[in-house]
Each structure stands twice: as structure tokens, then as C-alpha cells.
Amino acid sequence: SAVISQKPSRDICQRGTSLTIQCQVDSQVTMMFWYRQQPGQSLTLIATANQGSEATYESGFVIDKFPISRPNLTFSTLTVSNMSPEDSSIYLCSVDSGRNTEAFFGQGTRLTVV
Amino acid sequence: AQSVSQHNHHVILSEAASLELGCNYSYGGTVNLFWYVQYPGQHLQLLLKYFSGDPLVKGIKGFEAEFIKSKFSFNLRKPSVQWSDTAEYFCAVRRNNDMRFGAGTRLTVKP
């Protein structure tokens, strides 16, 4: 199993600013994932972050808007840049070890952009 | 495109009623299947998972799910729901390193 800590748990931000969300895992993991969960909706994968390589972004998400860092096997950050109210959402960090393993989730960061 | 479909958006039941939530996927090949639950104000928790073997899997809190390969389905069941089962339920499917979630089903259990 893995215990994931996300910071901050929530924030209210002004439009046009940026917020960096941190994800810390209590064990070394190969793959880390960032999801967005908009109000009343399911989880949408933003990107996959593997240590030592550039993050892989899903369709509709770009590095300029959501830059990701993965400096080691236990830590990652997601930045939401130049925020607008449409970015208001819950952002979730997730880890797993690939096929035949389950995914573990952080408690999420609830972002409100005003 | 690969997708995960949950047929019920919102289900309302009385306590002690039986529950079945549908989940279908469009992936081919070998998949891992999951049901996650999100209680109000809490993070996602794993209810149960299927990797291989017995297609009927049992999870926590009396939940079970049956993998029917021919139907590409992984429906969640519970014979008797409780008020505390009120939550959002997400089906998820993984093929290799690609994991996708269904839209979720909101379950409301009336006391």
C-alpha cells in the first residue's frame, strides 16, 4: 500500500495566478498520476509523471498550463498556471505500480478560482 | 476510443434494498478492473479489484462484483444496502498502464 499526502488540501486563488500542488508518497513508486475531478463529474487523467522523463499529457492538457515536476521516486508537483474559474476543481495525485496493482489516491486539493 | 461506461447516474434506494451498479468497458485484451468509492468529503477508496482468477470478487463492506468477459462488464452488487453506503461509486479499468474511470454513480440510501 501507499500513503499519499497532498498539499494544500484546498485553496482559493485569484484568476491569472498559479498554484503548485505537492504530492508526497511514503514509498518509492514508478508511476505517479495527476487527475482532475470537476464538480459532479468523474476523474479525468491530466498526465502521467515518471521519474527521469518528461510527463506524458492526455489530450486536452498541455505542459504550459499544467507543468509537472517529478524530481524523485516519492515526490511530484503539479502547477495550475494562469488560472481561470474553469480550473476550479479537485486535483488528485495517484500512484500505482502498474499492471495487477491497485491505484492509491491522495485526499485531493480543492481549488476554487475567483 | 477506449471507454468505461456506468449506466446509472444516480440511484436512490431504501435501506435493506439490493444494489446493482452497471459497468461496461470497451477495452480488448487483458484488463484489471476496480470499483472505488468516494464518501462525502473523503478521498477515493478501493472497494474491490479483479486481476485474474475467480470472476466473482468480494470486497469490503459486503460488496461484490462479477467480471463477465463476454459482456465486457464488471457490475457491482450488494444484497442489502445501508444508509452509510451513500456515496459516489466509480468503476475503473486498466489496460497496461492506461487506467480510465467511469463517470460515477451517486448512490443515495434513504433510512
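Residue numbers start from 1 in every chain, and the chains themselves are labelled A, B, ... in the order their sequence lines are given, proteins ahead of strands. Since the model is a prediction, treat every value here as computed from it, not as a measurement. Values below: every heavy atom of this structure, side chains too, minus hydrogens, waters and symmetry copies.
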For H43(B) against Q107(A), the heavy-atom pair lying closest together: CB-CA, 3.5 Å
Cluster check F75(A), V29(A): I/L/V/M/F/W/Y, side chain < 4.5 angstrom: no
Within one Ile-Leu-Val-Met-Phe-Trp-Tyr cluster: I90(A) and M99(B), side-chain cutoff 4.5 Å: yes
L107(B) reachable from F63(B) in the ILVMFWY side-chain graph, under 4.5 Å edges: yes
Check: G102(B) main-chain N/O paired with S42(A) side-chain donor or acceptor under 3.5 Å: yes
L46(B) side, atom CG; F104(A) side, atom CZ - distance, nearest 0.5 Å: 7.5 Å
Interface moiety of Q6(B) toward chain A, non-hydrogen atoms closer than 4.5 Å: neither
Close side-chain approach of Q37(A) to F90(B), heavy-atom, < 4.5 Å: yes
Side chain, backbone, both or neither of E58(A) within contact of chain B (heavy atoms, under 4.5 Å): side chain
A103(A) versus Y36(B), closest heavy-atom pair with distance: O-OH, 2.8 Å
hydrophobic_cluster_shared for I63(A) and F61(A), side chain cutoff 4.5 Å: yes
Single-linkage hydrophobic cluster, 4.5 Å side-chain cutoff, W35(B) and V109(B) together: yes
Which residues share a salt bridge (Lys or Arg N to Asp or Glu O under 4.0 Å) with D98(B), sequence neighbours left out: R100(B)
Within-4.5 Å side-chain heavy-atom neighbours: N32(B) and E102(A): no
